[in-house]
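Quick notes on the structure that follows.
Chain letters run A, B, ... following the sequence lines, proteins first and then strands; every chain starts at 1. Keep in mind that what you see is a predicted model, and the values were worked out from it rather than measured.
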Number of protein chains: 2
Amino acid sequence: MNAPAFTDNRDCGTCPIRHRAVCARCEKEELEYLETIKYYRSYEAGQPVVWAGDQLDFVASVVVGIASLTQTMEDGRTQMVGLLLPSDFLGRPGRSVASFNVTAISDLTLCCFRRKPFEQLLRSSPTISQRLLEMTLDELDAAREWMLVLGRKTAREKIASLLAIIARRNAQLHPGQTPEETTFILPLTREAMADYLGLTLETVSRQISALKKEGIVELEGNRRILIPDFGRLLAETGDDADGGMPA
Amino acid sequence: MNAPAFTDNRDCGTCPIRHRAVCARCEKEELEYLETIKYYRSYEAGQPVVWAGDQLDFVASVVVGIASLTQTMEDGRTQMVGLLLPSDFLGRPGRSVASFNVTAISDLTLCCFRRKPFEQLLRSSPTISQRLLEMTLDELDAAREWMLVLGRKTAREKIASLLAIIARRNAQLHPGQTPEETTFILPLTREAMADYLGLTLETVSRQISALKKEGIVELEGNRRILIPDFGRLLAETGDDADGGMPA
DNA sequence: CGCTACAGTTGATCTGGATCAAGGCAGTCT
DNA sequence: AGACTGCCTTGATCCAGATCAACTGTAGCG
């Protein structure tokens with residue numbers, strides 16, 4: 001719940017809000033103002049960030065780590081509705097109450113802005129509000145693509161889609177790898193995957209085992225995944241060859 | 001594909017973009033500019049508006065009628081990812097290609113803005129880009145709420161959720177009705193409902209019959225629905241009493 | 001009028017994924 | 001060490017919803 005660890009202006013590298021504020025028109029004033037209302041928060045893996053319905057008096061950008069957005073029904077059924085990776089935005093200007101549960105999946109650092117001044121900034125700066133609009137539109141597209149996964153894909157296709165997304169996101173961050181052979185560490189437990197995909201954890205486990213048996217993926221331990229032929233994985237997603245599934 | 005039918009400045013009553021442009025700061029210039037780039041388009045029920053991947057050189061606001069946003073897999077499985085009712089926004093500033101299929105479900109009239117000048121306007125007017133941001137955030141929340149429906153709810157809960165949403169939306173438009181007893185015309189075929197809910201049309205039909213048999217809904221013909229006790233319907237959605245499902 | 005077409009209902013059967021249950025395999029605490 | 005806990009796998013069985021198929025009702029239309 002503390003730990004700044006970032007002091008220099010330039011080190012919050014993944015924060016898209018700030019980047020744009022710097023680059024777009026060199027609006028120095030805005031940048032300096034942003035600096036005055038920003039602060040860092042850290043959470044340990046597993047810790048909740050907020051619960052749906054609770055007061056949330058900041059908006060933030062993920063700097064390090066992964067967080068999940070989930071919804072839960074009274075009887076405990078839960079659905080993950082978003083996965084927040086570094087550079088993703090969290091919170092909602094104009095709303096003081098969280099709509100979803102936010103949980104740190106790995107150790108997590110957020111770059112936070114107090115909500116009120118941030119909203120003020122939005123009102124006065126078209127640069128920032130446009131950047132935010134763009135990001136929100138991307139998230140909306142991603143959410144809608146995910147609706148196809150949830151509503152119409154088989155368990156096997158769901159797993160393949162999820163692995164493809166994580167592999168792609170991973171490739172963006174570490175562009176060293178060939179597109180054909182990728183390896184990464186699954187940031188999610190089987191249960192979290194199940195919650196994302198609308199399945200049970202048993203089904204997730206079985207489908208991963210099946211993909212392994214068929215040589216479409218290789219595992220080292222439970223979490224480290226190697227995809228020998230990305231095209232073969234893609235063929236299992238049910239998407240047409242080029243299609244672009246985000247997360 | 002023509003039919004203006006709107007000539008007076010004030011008559012595009014449902015268009016949220018324009019409203020805000022008038023109200024927020026009385027930015028007369030912007031309003032007049034908006035007028036010069038706006039035009040109307042009409043579509044008959046069943047007609048496509050655009051296909052995913054096609055060029056889309058306007059953004060628009062639904063004035064009259066209903067449109068659907070859908071995705072289709074090569075083998076024909078389709079998922080509806082959004083339902084556009086009057087006042088909803090269509091299109092994506094900053095992107096010239098449609099991400100989803102848009103189809104007129106009923107006869108439809110759009111209030112369109114040519115994309116390029118609209119984007120220009122966004123860049124210069126914080127009022128409009130903020131209004132758009134707000135709308136997009138609402139849509140994102142709605143999409144995420146829908147992910148819970150698709151991923152975790154039973155067929156019966158899905159149907160009840162859909163009926164509840166349509167009833168609520170309907171009550172907003174016609175505030176004359178008591179909240180307890182509502183009646184409306186289903187704007188969707190059984191197949192369209194199935195595509196929205198990630199079910200088959202047979203299952204939709206069976207579940208509606210079941211709700212009818214239990215007196216939770218009453219039907220006149222196939223489309224006209226009466227909900228004698230909204231609370232009882234809500235109890236079938238699986239949501240906690242107050243929860244706010246949008247569309 | 002009969003013919004076709006479309007939307008919806010209902011029944012019979014099948015099956016993919018859920019559910020229930022039993023272990024396995026690290027870590028980590030004592 | 002042993003015991004406990006969290007995460008994962010695998011097997012056996014069940015069932016909600018898909019699939020296949022027949023049929024009803026209603027609206028155009030030559």
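To the nearest 0.5 Å, atom SG of residue A/C111 and atom CZ of residue A/F89 are 10.0 Å apart.
Note on B/E236 versus B/R156: salt bridge recorded, some NZ/NE/NH1/NH2 to OD/OE distance being below 4.0 Å.
Atom NZ in A/K158 sits about 7 Å away from atom P in C/dA18, given to the nearest Å. The CG atom of A/D75 sits 15 Å away from the C1' atom of C/dT19 (whole-angstrom rounding). Atom CG of A/N222 is separated from atom P of D/dC7 by 11 Å (rounded to the nearest Å). The interatomic distance linking A/L199 (CG) with D/dC8 (P) rounds to 15 Å, in whole Å. In this structure, the CG atom of B/L186 is 10 Å from the P atom of C/dT9, given to the nearest Å. The distance between atom CG of B/D195 and atom P of C/dG8, rounded to the nearest whole Å, is 12 Å. When the C1' atom of C/dA7 is taken as reference, atom CG of B/L188 falls 14 Å away, rounded to whole Å. Between B/E202 atom CD and C/dT13 atom P there is a gap of 16 Å when expressed in whole angstrom units.
Comparing A/R152 and A/T189, the nucleotide of DNA chain D nearest to each residue sits closer to the 5' end for A/T189.
Using the six-membered ring where Trp is involved, A/Y39 and A/F58 have ring planes that are perpendicular, over 60° apart on the 30 and 60° scheme.
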- Item | Worked verdict on B/L90 versus B/L110 for side chain to side chain contact (heavy atoms under 4.5 Å, CB included) | CA-CA 9 Å; B/L90 162 65; B/L110 299 180; 3.8 Å; yes
- Hey, mind stepping through A/W51 and A/F100 against ring-ring contact (aromatic ring centres under 6.0 Å, His included) and telling me if it holds? CA-CA 6 Å; A/W51 297 113; A/F100 306 104; over 10 Å; no
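Within the 4.0 angstrom heavy-atom criterion, only backbone atoms of the sugar-phosphate kind lie near B/R223; the bases stay farther away. A/L201 comes within 4.0 angstrom of a nucleotide base, judged by non-hydrogen atoms across all strands. If you check every strand for non-hydrogen atoms under 4.0 Å, A/T200 touches a base. Within the 4.0 angstrom heavy-atom criterion, no nucleotide atom of any strand lies near A/R77. Residue-level contact check: B/G198 touches the backbone only, with heavy atoms under 4.0 Å from sugar-phosphate atoms and none from bases.
Applying the 3.5 Å distance criterion, the base of C/dG11 shares a donor-acceptor pair with the side chain of B/R206. No N or O donor and acceptor, one from the side chain of A/E191 and one from the base of D/dC8, sit under 3.5 Å apart.
Counting only heavy atoms from C-beta on, A/T154 has its side chain closest to C/dG17 among C/dG17, D/dA18, D/dC20.
Phosphate contact (OP1/OP2 of C/dT10, side-chain N/O of B/S209, threshold under 4.0 Å): present. Proximity of A/S205 to the phosphate of D/dT9: a side-chain N or O atom is located under 4.0 Å from OP1 or OP2.
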